[in-house]
Structures are given as structure tokens and as C-alpha cells.
Amino acid sequence: MNASPRLIHLLFVPTLNCNLGCRYCYLGEQTTTASLKSDAARAVNTLQTALQRLVDANVLAFNVSLHGGEATTMPPAVLDGLFTTIRAHYLKHFDVLQANGHRKSAPHIKTNLYNFHQLYDLFDRHKVSVSASIDLPLALHGQYRVTRGGADWLARTHANLRLLAKYPHAKKISATLSREHLERPDELVADIWHIHRELGFDMNQLNLMFAFPSQLNRAHQGEQILTPASEAEQVALFELLQREFSGTELEEGLRRHWFDEFTPSYCTNAVNCGEKFYLLQGDGEVYSCVRGQGLPEFRYGNLLSDPVADVLANGAAKIRAIHEEQGFAADCRGCGHLSRCNTGCAVVKFHNRSGKSYTCTLQQTMYAAAPALYALETPAEQQDYARWYQATNHPASAITAPLPAAPVNEVLLPRDLHDDKNALSQLIAADDRLNALFSPQMFALQIDDDIVPLASQLLKSVSTCYTLAAGDTLRLHINEAVWDAACDEPVRNTLYLQLLRDTSVVYGDEQRTKQEHLFSYQLFRRLITVPSALGEGWRSVDLAPLLALHASLFVRGVLNNCFVTTGYLRDYHYQKQKNNAFYHIQALNLPFPNFEFYYLPEADDGNRDA
């Protein structure tokens, strides 16, 4: 495998069989016709073969999650083999995954919790990350989430939620809501508190989703299906939860997790999810995701028999075709949040025969409630993105209904800006000092027991955010080779930290709106003497007291951005900007290795990854 593989997110469905008959399941009759026996016989071999075929094609799954149907209907020995395969995959490719900002080391599973008590020890042994699906309010869990034979198992649900609360590894709860759920808002709120306070599960770790019309579900259940909530009902729920939980111990979850599916980081908001997200079934069939399973429009091929490149290319082409078929909605063309939602999930657009997201109003409401995170783009920025998006996903409509042309001569750039020799990667390769400045081998961040390399934000394919709290171990590990870079007198060199906050400030003659600068900190090299856990040639600095000293500068829910370099490399960066216009244009934003974090003034034992 090359050092820079194509990274994908892979859902693996070892069986479509399910032990429940949920009223809103978009898989339709697929969950009743699956053959559990044949699925179990091939599951582990399919996953192992598929992962190896991907690696052979220089494609690396950075996240392998088990989904269904219901994966826990598989025999424990099969689950053990799947967990072992996934852990071995992460370990084998540990360095590449870490270098690309992915810290996965344990399997993840989506489960309805029905068999959780029987599999607890197996999950615990493999440190499996658990996402448990329930209905809220719980009374409707007993009514709509029944067994295949129609039995209510709510008592077992309570018992397994109590057991999940004690589970020592990563866990969360998800709930899919329809109009019928939202018609009982007081019960819904009460049950969130009930699970949190009486069952003991931290409901900060909750994800909310909304049901959508499904052709397969309607064909399977007819008029028994539940009713998707309207956009107005979705917004009403959001506003209710804001009123009920702001200022409580669940505010962190409300602001960070509960509506995570509708934020730009989620697959439903990808420009083309077919370029990165894939679902693999136990028979080798590849679909877009759980929402697209069984639909020929979202079948990409078979990973056991078709060339990997063809399967992946087919995915991107099919998703693009779905977006094109549903059209570029007029109100999306002029929306200042287009670059965040990209008109929404292609599968739901297909089901709804709509050109826009079924949660559009909700997303606009969420973005307006957090303007520091989701500021509206300027009209010029919006139109520039809309033109690009239209050309990418709606090329036909770009001819029949073109967007306004870009203002003539609004920005003049050198014609040779895009020559290969002037690309940022080439400029770095040709300059040893830039090599050191951008290298991910010079600084590493330690949060408690985890150590991750720090890379420049300009070169990252993904961005990882952390939640830090007073009492956390937070150390910066420094490769001593960095002191000699761009420095003729290392004894005068310093560690140079710049801390910024994601609140907007207008700076300088350019009048650019940028992150607000909180403070800069320098520490001379000769004072950095503490050994590092990384061994010979490394030293470390404790950053926790520095953050604690400035705790009053951190705003709850506002992202902070810490850049790390040396005093001499920082000076060289600005000198290079003066000497080379191509570097200046591409390194306009700070290029130094960085990490982004939210800061809690009190200790917090929750999950540190955002």
C-alpha cells in the first residue's frame, strides 16, 4: 500500500436478518427473508477478503462498522471473528491511519440491544464501541419496536440500558423519530431524563434522527408505516429541547451530539457520498448505505467479483446521477449554507422525489442558533460555491439554468498559479526548511494515554476536534531535530505556540475575517528538558497548566485552535511569503501543525473525540 491511500468509511452488514419488526424500518421485507445460516457461514471470510482487495487497490477503510439488519443475531463465534478481523485491520494499518488523523482501534456496532446482555462479555473483551437504537418516548418503544412475533420487550430494554450504562467502553444511543413520536413531547423529554438519571446512561451521548418515506417499507407494511415528521415539527422539537436542556448537565450533548447528523461533518451532507461511504453486505454486494440497501439505484457492484476501482467509480457516478435527476432546487442555489448541507442525503431525495434535504428548515435553524460555527457565506462566496456545486452534481442544469456568472476580474491570480512546480506540495518538497515546518514528525500531542502526530491544517484531509477538561493529561512531544531547522543558532530558538478561538475578528489592511488570536507563548529550547514517552531524541512540555491559566478565555461550545512551531520556523514562514507569491497565496492561513479543541473548566469523563 502506498503512503497516501484512498480512505473510505465502510459499513459491513454480515446479515440482513433482524429479530425485530420496527414500524419505520426502511429495509422493508429484506429483514425477514435473509438466511441467517448462510450469512453466518460466509461473514468473516467476506470481510477479510474485501478488506484485502481494497488494500491491494490502495484503498484503506479508516472506519469499519458493523450494521444490519441486526448484527447480533450472528452466532457469538462469528461476531468474535468479525471483531478480531476489524481490530487486526486497524493494528496492521495503525501508522497510516494515525498519520491521516484517524484513531480507531476498536470495532463499532449498531445494535437494537435485544441480545446485549448475552454478548456483554464478548463486547467488553474486544472493547467494542456500541451505538444502541431505541424509541423515544419509551412507551412507543414498547409499541413500535416489537419482536418479529409482535411481542413487547420494554422490560428487557430497561435492563439492557442499565447494563449499557455500566459498559466501560465508548457507547451512545440513537433514536429515530416520526410524527407519532413527536406528538408526545413531554414524555420524550421525561424519558431522556429517566434514562439519564434513573437508568444511569449519560444522555449527552445521544443522536436523534428523523424517519423518512421508504418505498421498501411501504411495500412491506402498507398503511402500518409511521408518518415522517414535517419540517415544522422537526424545528419545534429542536426548539423544545433547547428550552428544556440549555443550562443543564445535558447541554453539552444538546449542542454537540444530539443533532450531529445534520451538521457538515456527517455523511448526509457530503458533496458526493459515493466517493467515500460504502456499505458491504455479507454476499459481497456493495450499496450506498443502510438507507439504500436493496434499491438497484444505489447498488454499486460486488466487491468479491468486480474490480475495486469499478465499484468505487460506480458509487460516485450513481450518487451524482441521483442528485442530477432530482434537480438543483431554486432556494438551494441562493442559500448561504449550501456548502454545509450540499442539498442533503441522495437516498432520501430519491425517496421524496425532491431536490433538497428533508431537514432543510431544521438545519437552517440550527445554523442560525450557532452563528460563530455556521456563519452565512457572503453572496459572492455563496455564488462561487453554487457554481462549483452545480458543475459537479448538476452539469446538465448548468446548461439549461445557469447561475449568474462570476464578477469579471473580481480576483486576479497569476496564470501559472496551477503549474505543477508551483503547487504547495512541490514548494515544500523543494525546500528543506518548509519540509520541517510542515512535517508531521516534529510534534506529537498526548491526551491522557493517546499520542497523535500533529500535522499542518493545510495538508490534512480530515480535522479531528478534542474535548479537553481541567485535570486531563496534555503534553506536547517535540522532536529535537526541529530546533536546527531554519536556525543557525539553536540555543536562541524557542517553542512557539499561538492560540486562536473560533470567534471572528477583522484584521489589518486586508480586512480579512479571521479567528480571534488569544495569546502567543514562547519557551526557550534550553528550558525544555523533560524526557518524552517517545524516547531518545524527543522532549516534552506540559500544556495543561498553560490552558488552565487561561481558562477564562475559553467559551463553552466555541472551538479553539492551537498552532505549534518554533520561533525560527515561524519567521521563515513569513519570509517565504515575502519571497514567493505562490507560497503566499497557498499558505495564506497559518500552516503550522495544529490541534483543535473545546475546553471544559471542570473535569469530564466523556468521549474526547468530537
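Across every non-hydrogen atom of S288 and V347, the tightest pair is OG-CG2, 3.8 Å. Contact record, P591 with L437: CG-CD2, 4.0 Å, taken as the closest heavy-atom pair. The two residues C335 and Q382 come nearest to each other via the heavy atoms O-CG, 2.9 Å. Counting all heavy atoms, side chain and backbone alike, N100 lies closest to V96 at ND2-O, 2.8 Å. Scanning both residues, Y90 and S105, for their nearest heavy atoms gives CD1-C, 3.6 Å. For the residue pair A486 and Y572, the shortest heavy atom distance occurs at CB-CB, 4.1 Å.
Side-chain N or O atoms of Q586 include one that pairs as donor or acceptor with a backbone N or O of N422 at under 3.5 Å. With N272 contributing its side chain and A316 its backbone, the two residues share a donor-acceptor pair below 3.5 Å. Under a 3.5 Å cut-off, the side chain of R53 and the backbone N or O of D306 do form a donor-acceptor pair. The closest donor-acceptor contact from the side chain of Y374 to the backbone of M366 lies at 3.5 Å or more, if one exists at all. D484 places no side-chain N or O within 3.5 Å of a backbone atom of A481 that could act as its donor or acceptor partner. Looking only at distances, no side-chain donor or acceptor of T494 sits under 3.5 Å from a matching main-chain atom of Y496. In this structure a side-chain-to-backbone donor-acceptor pair under 3.5 Å is present from Q457 to L590. Judged by distance alone, the side chain of Q498 and the main-chain N or O of S520 form no donor-acceptor pair under 3.5 Å. Side-chain atoms of E381 come within 3.5 Å of backbone atoms of T378 as a donor-acceptor pair (strictly under, hydrogens ignored). A donor-acceptor pair under 3.5 Å is absent between the side-chain atoms of D419 and the main chain of K421, judged by distance alone.
By the 30° and 60° cut-offs, the orientation of the rings of W388 relative to Y385 is tilted. Note: H9 and F62 have perpendicular aromatic rings, judged against thresholds of 30 and 60 degrees for the angle between ring planes.
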Practice task
Applying side-chain contact (heavy atoms from CB on, under 4.5 Å), run through L303 and V308 and close with a yes or a no.
Solution key: CA-CA 6 Å; L303 205 52; V308 171; 3.9 Å; yes
Practice task
For L546 and F519, run side-chain contact (heavy atoms from CB on, under 4.5 Å): C-alpha distance rounded to whole Å, both residues' side-chain angles, the deciding distance at 0.1 Å, then the answer.
Solution key: CA-CA 11 Å; L546 183 64; F519 65 80; 4.0 Å; yes
Practice task
Run the numbers on L499 and L553 for side-chain contact (heavy atoms from CB on, under 4.5 Å), then give the verdict.
Solution key: CA-CA 10 Å; L499 190 66; L553 302 179; over 6 Å; no
Exercise for the section: Start with the C-alpha gap between K104 and L97, add the side-chain angles, then the distance that decides, and say whether side-chain contact (heavy atoms from CB on, under 4.5 Å) holds. Expected result: CA-CA 8 Å; K104 293 284 290 184; L97 292 171; 5.8 Å; no
Exercise for the section: Kindly determine whether D502 and Y598 satisfy side-chain hydrogen bond (donor to acceptor under 3.5 Å, both in side chains), including the steps that lead there. Expected result: CA-CA 10 Å; D502 204 7; Y598 297 94; over 6 Å; no
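Inspection of the S129 and H108 side chains reveals an N or O donor paired with an N or O acceptor under 3.5 Å. N594 and N561 share a side-chain donor-acceptor pair at under 3.5 Å. D472 and Y466 share no donor-acceptor pair across their side chains, judged by distance under 3.5 Å alone. Judged by distance alone, the side chains of Q52 and D56 do bring a donor and an acceptor atom under 3.5 Å apart. Under the 3.5 Å distance criterion, with hydrogens and angles disregarded, a donor-acceptor pair is assigned to the side chains of H573 and Y583. D124 and H169 share a donor-acceptor pair across their side chains, judged by distance under 3.5 Å alone.
The side-chain heavy atoms of K514 and V505, taken from C-beta on, include no pair separated by under 4.5 Å. Residues V128 and L79 fail the side-chain proximity criterion, which asks for heavy atoms closer than 4.5 Å. Annotation: side chain of V452 is in contact with side chain of R103 (closest heavy-atom distance under 4.5 Å). A heavy-atom distance below 4.5 Å is found between the side chains of V564 and L495. Using a 4.5 Å heavy-atom cutoff, the side chains of L54 and Y278 are not in contact. Two residues are said to be in side-chain contact when any heavy atoms from C-beta on lie closer than 4.5 Å; I86 and L47 meet this criterion. Using a 4.5 Å heavy-atom cutoff, the side chains of R320 and E275 are in contact. Taking 4.5 Å as the limit, every side-chain heavy atom of M442 sits out of range of all side-chain heavy atoms of P593.
Close placement of the F123 and F83 rings is indicated, their centers lying within 6.0 Å of each other. Taking the six-membered ring wherever Trp is involved, the centroid distance between the rings of F597 and F554 falls below 6.0 Å.
Residue H337 holds its NE2 atom at 13.0 Å from OG of S357, rounded to the nearest 0.5 Å. In this structure, N589 CG and Q515 CD are separated by 8.5 Å, a value rounded to the nearest 0.5 Å. Expressed to the nearest 0.5 Å, how far CZ of R87 lies from CZ of R125 amounts to 8.5 Å. Remark: F443 CZ to T565 OG1 distance equals 5.5 Å, nearest 0.5 Å. To the nearest 0.5 Å, atom CG of residue L474 and atom CG of residue L543 are 5.0 Å apart.
For R512, the CZ atom counts as densely surrounded, since its 6.0 Å shell holds more than 12 non-hydrogen atoms of other residues, nucleotides or ligands. Within 6.0 Å of CD on E489 lie more than 12 heavy atoms contributed by other residues, nucleotides or ligands. Remark: D449 CG is loosely packed, at most 12 non-hydrogen atoms of other residues, nucleotides or ligands lying under 6.0 Å away. Within 6.0 Å of CZ in F94 there are 12 or fewer heavy atoms belonging to other residues, nucleotides or ligands. Residue F524 qualifies as open at atom CZ: its count of foreign heavy atoms under 6.0 Å is 12 or below. Residue K578 qualifies as open at atom NZ: its count of foreign heavy atoms under 6.0 Å is 12 or below.
Between Q363 and the choices T263, N269, T268, the side-chain hydrogen bond (donor to acceptor under 3.5 Å, both in side chains) rule is met once, by N269.
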